2 protein chains.
Amino acid sequence: MKTQPLLGHPACLLTRLDVHVQGQVTALLAPLGINPRQYGLLSLLGERDGLSQHQLCGPLNIHRNVMVDLVDELEQRGLVERRRHPADRRAHALHLLPAGRQLHAEAEVLVDRFEAKLLGGLDVDEAATFVALLQRVYADAGLDGDHDTGLAAGASGRR
Amino acid sequence: MKTQPLLGHPACLLTRLDVHVQGQVTALLAPLGINPRQYGLLSLLGERDGLSQHQLCGPLNIHRNVMVDLVDELEQRGLVERRRHPADRRAHALHLLPAGRQLHAEAEVLVDRFEAKLLGGLDVDEAATFVALLQRVYADAGLDGDHDTGLAAGASGRR
DNA sequence: TATTGTTATACTCTATAACTATA
DNA sequence: TATAGTTATAGAGTATAACAATA
């Protein structure tokens with residue numbers, strides 16, 4: 001017996017699951033006043049402080065134009081601060097303020113809890129396998145190279 | 001050594017992979033003149049002809065308002081046809097026309113080929129495991145119940 | 001009273017281009 | 001000449017509400 005025609009496609013399965021996850025995480029973070037994208041920015045800065053706006057564009061998958069408003073809002077709320085970039089006077093070095101670090105920590109707890117629930121139907125081994133395979137597919141698709149979170153700014157032009 | 005902070009989140013991994021897949025499939029189908037959503041509609045009708053517009057809304061994850069334009073275009077291009085619904089005079093029964101069936105077949109080849117490439121980095125067992133786990137997570141999230149592709153129209157109100 | 005399809009409207013998001021100051 | 005950040009604008013997409021026909 002054939003099941004759902006569309007869900008026979010892994011791509012469709014992936015997309016529908018992502019819509020759900022995206023919606024859930026958005027609703028989860030709403031009480032904290034941030035969306036997934038803003039969480040992502042705080043997370044990246046928490047990992048490596050002082051990155052430029054452009055350096056964050058890749059990992060967050062957004063255009064530099066969009067980044068402006070994103071940083072504007074976080075700065076107005078005292079979560080992040082624009083300072084002079086030590087090496088390039090055109091760029092801004094973004095720094096995580098204490099309030100931002102605090103908020104990110106709270107958000108991370110919520111996200112981790114959600115993800116645990118998302119994979120809660122699998123046992124520990126299965127969950128680990130699933131994530132590992134997801135990472136494999138992700139890397140095989142060449143999506144790893146896009147993350148120049150590193151300092152080597154001079155990457156090959158893409159997009 | 002810690003890797004990427006954001007990609008440590010399975011949710012983020014999933015979302016980024018989906019953006020890639022969505023973009024690839026869209027580009028893949030573009031030469032055929034359809035988008036993933038239109039492909040989905042043709043696919044569902046190929047499986048079960050004569051569904052109403054409303055019945056297609058759930059599986060395609062779109063509102064009935066959006067469905068109108070979607071069907072309009074496919075009908076104008078002679079891929080699909082609106083007929084009288086035998087059981088409910090308010091509804092339209094959608095039927096796949098030969099040209100639509102043909103186009104869907106061509107599209108399916110392309111999509112299947114892409115998905116094979118997407119999972120091409122995994123061996124056969126791993127790929128099967130990955131898809132199976134994906135389906136498990138999908139079902140555990142309760143996303144299965146949304147697909148009333150069946151004829152029982154009177155579902156519980158959601159959204 | 002509820003539902004199917006339809007239409008119109010407003011809102012959000014995104015993509016594009018252009019400008020400045022630096023490199 | 002190319003790049004980081006900024007701004008403005010147009011377009012696509014989405015959400016909401018309302019309506020007519022039918023259940």
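Since this is a predicted model, take the numbers as computed values, not measurements.
When the side chain to side chain contact (heavy atoms under 4.5 Å, CB included) test is applied to B:L97, the partners found at least two apart in sequence or on another chain are B:E81, B:R83. Applying the salt bridge (charged side-chain N to carboxylate O under 4.0 Å, His left out) rule to A:E106 yields no partners; only residues at least two apart in sequence or on another chain are considered. A search for salt bridge (charged side-chain N to carboxylate O under 4.0 Å, His left out) contacts involving A:D72 returns A:R82, not counting sequence neighbours. By the salt bridge (charged side-chain N to carboxylate O under 4.0 Å, His left out) test, B:R101 is found to be paired with no residue, residues two or more places apart in sequence or in another chain being considered. Residues meeting the side chain to side chain donor-acceptor pair (under 3.5 Å) test with A:D140, sequence neighbours left out: none. Contacts of A:R90 classified as side chain to side chain contact (heavy atoms under 4.5 Å, CB included), with partners at least two apart in sequence or in another chain: A:D88.
One atom, CG of B:L56, and another, C1' of C:dG5, lie 13 Å apart when rounded to the nearest Å. As rounded to whole Å, 18 Å separates atom P of C:dT4 from atom CZ of B:R84. Separating the CG atom of A:L60 from the P atom of C:dT14 is a distance of 12 Å, rounded to the nearest angstrom. A straight line from CD1 of A:I62 to P of D:dT6 spans 12 Å, rounded to a whole angstrom.
For D:dA4, the OP1/OP2 oxygens have no side-chain nitrogen or oxygen of A:Q55 closer than 4.0 Å.
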Distances under 3.5 Å between protein N/O atoms and the N/O atoms of nucleotides 16-23 of chain C, please, pair by pair.
unit_1, atom_1, unit_2, atom_2, d
C:dT16, O4, A:N65, ND2, 2.3
C:dA17, N6, A:N65, ND2, 2.5
C:dA18, N6, A:R64, NH2, 3.4
C:dA23, OP1, A:R89, N, 3.1

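Near DNA chain D, meaning a heavy atom under 4.0 Å away, there are no residues from residues 34-41 of chain A. Near DNA chain C, meaning a heavy atom under 4.0 Å from it, residues 67-82 of chain B has B:V68, B:R82 in order of number.
Screening residues 109-135 of chain A for salt bridge (charged side-chain N to carboxylate O under 4.0 Å, His left out) gives A:E126-B:R136 as the qualifying pairs, with residues at least two apart or on separate chains. The ring-ring contact (aromatic ring centres under 6.0 Å, His included) analysis of residues 77-96 of chain B, with sequence neighbours excluded, yields no pairs. Among pairs with a residue in residues 25-41 of chain B, those fulfilling side chain to side chain donor-acceptor pair (under 3.5 Å) read A:H9-B:Y39, B:Q38-B:E73, at least two apart in sequence or across chains.
In summary, the side chains of B:E108 and B:S43 do not present any donor paired with an acceptor at a separation below 3.5 Å, with no hydrogens or angles considered.
Within 4.0 Å of B:H92, counting heavy atoms only, lie sugar-phosphate atoms of the nucleic acid but no base atom.
Here the rule is side chain to side chain contact (heavy atoms under 4.5 Å, CB included) with B:L103, and of B:L29, B:L74, B:L32 only B:L32 fits it.
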